[in-house]
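Comments concern the structure below.
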Amino acid sequence: MNAHHLLEVEHLTVTFPTSRGDVDVVKDISFTVDGGQTIGIVGESGSGKSMTSLAVMGLLPRGGRLQGSIRLKGEDLVGRTDRQLRRIRGDRIGMVFQDPLSSLNPYYTVGLQIEEAYRAHRGGSKKQARKVAIEALQRVQITDAERRVNHYPHQFSGGMRQRIMIAMATALEPDVLIADEPTTALDVTVQAQILELLADLQDATGMGMIFITHDLAVVSEIADHVLVMRNGDQIEQGTAQAVFSRTTQPYTRSLLDAVPRIDDVVGTLKEIGE
Ligand SMILES: Nc1ncnc2c1ncn2[C@@H]1O[C@H](COP(=O)(O)OP(=O)(O)O)[C@@H](O)[C@H]1O
Ligand SMILES: [Mg+2]
């Protein structure tokens with residue numbers, strides 16, 4: 001395998017013990033991500049998308065085991081201690097989830113949360129961390145960041161909270177950003193704005209991105225490369241164009257057919273994005 005890929009996931013299998021024996025929820029998945037590239041992982045609910053990303057982040061739920069290899073800039077992440085993985089998460093790998101409220105602490109201002117994450121990884125003074133927090137909010141286009149940095153999560157709208165999560169996840173300029181259904185809870189206009197923001201951040205920083213969604217209109221908008229999953233299996237992968245226009249897989253076809261008027265939806269997103 002090319003040693004220059006940013007992230008390399010090879011033969012990843014994730015297994016959970018159940019009362020009926022071990023169950024593989026991710027089965028022999030392989031993919032790579034390069035700097036500035038976005039891989040979209042798509043598939044119906046329960047297909048193993050989140051478990052794939054949690055495995056990459058070293059955050060599998062209790063009982064989960066993994067086989068295979070995960071390398072970031074050639075460095076193996078499998079077999080690291082919790083402490084080592086914590087250091088990598090939030091610093092070299094950033095994460096954004098569907099529900100920002102589950103990741104934000106309601107009792108801390110958003111500024112303090114970004115500052116604490118920054119200082120935990122990079123140290124430095126409170127003053128320096130405050131500067132980083134304000135810049136991070138500005139980068140995700142939160143206006144009046146000097147004042148908003150002192151606000152609590154509930155003082156922001158859903159779309160703004162997702163921007164704050166993205167600010168937090170990218171404050172340390174990670175190599176890779178993993179976004180698991182980041183726009184699913186948002187209305188279509190806000191969704192388009194968030195996608196545009198992620199694309200802009202990626203242009204500015206060259207980070208690689210794993211974008212997980214069940215929504216093919218969204219993935220066709222943002223991904224260069226697409227991996228289709230079902231029941232833990234990799235059904236196919238290829239360039240977004242090849243998968244969307246030339247798939248011969250009935251499952252991918254059925255996902256495409258389940259999106260009514262996909263061209264209209266994509267067209268609308270493009271218009272809003274302009
Ligand atoms: N803690 C867990 N223990 C065992 N199985 C789990 C656990 N969490 C999720 N699963 C199972 O793993 C499979 C994949 O889940 P997930 O990766 O969350 O799917 P997706 O993100 O594609 O909707 C599902 O069948 C789900 O029921
Ligand atoms: Mg999921």
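When a ligand or atom number is given, it counts from 1 through the structure's own listing order. For this chain, numbers begin at 1 and follow the sequence in order.
Nearest protein heavy-atom contact of atom 17 (O) of ligand 1 is M51 N, 2.9 Å. When only non-hydrogen protein atoms are considered, atom 4 (C) of ligand 1 lies nearest to F16 CG, 3.3 Å. Distance from atom 20 (P) of ligand 1 to its nearest protein heavy atom, with residue and atom name: G46 N, 3.5 Å.
Each of the atoms 1 (N) of ligand 1 lies under 4.0 Å from some heavy atom of P61. Near S47, with a cut-off below 4.0 Å to any heavy atom, the atoms of ligand 1 are 19 (O), 20 (P), 22 (O).
Cluster annotation: Y152 and L137 are assigned to distinct hydrophobic clusters (Ile/Leu/Val/Met/Phe/Trp/Tyr, side-chain heavy-atom contacts under 4.5 Å, transitive). No path of Ile, Leu, Val, Met, Phe, Trp and Tyr side chains, each step under 4.5 Å between heavy atoms, connects L112 with I142, placing them in separate hydrophobic clusters. Hydrophobic clustering (ILVMFWY, side-chain heavy atoms < 4.5 Å, transitive): M229 and V56 are in one cluster.
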**OP:** Would you please test R122 and D91 for salt bridge (Lys or Arg N to Asp or Glu O under 4.0 Å) and show each step?
**Re:** CA-CA 9 Å; R122 301 281 164 86; D91 187 337; 2.6 Å; yes
Subject >> Pair T15-D22, side chain to side chain donor-acceptor pair (under 3.5 Å): steps then yes or no >> reply: CA-CA 6 Å; T15 308; D22 285 355; 6.0 Å; no
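Closest to atom 12 (O) of ligand 1 by heavy atom, among V25, V26, T18, is V25.
Counted by atom type alone, Q67 and H11 present zero donor-acceptor pairs between their side chains at under 3.5 Å.
The side-chain heavy atoms of K73 and R92, taken from C-beta on, include a pair separated by under 4.5 Å.
The shell of residues lying under 4.0 angstrom from ligand 1, judged by heavy atoms, excludes G43.
Within the 4.0 Å cut-off (strictly below), a protein heavy atom is located near atom 7 (C) of ligand 1.
Under 4.0 Å from ligand 1, heavy atoms of S50 appear from its side chain as well as its backbone.
Residue S45 does not count as close to the Mg ion (ligand 2), with no N, O or S atom under 2.8 Å.
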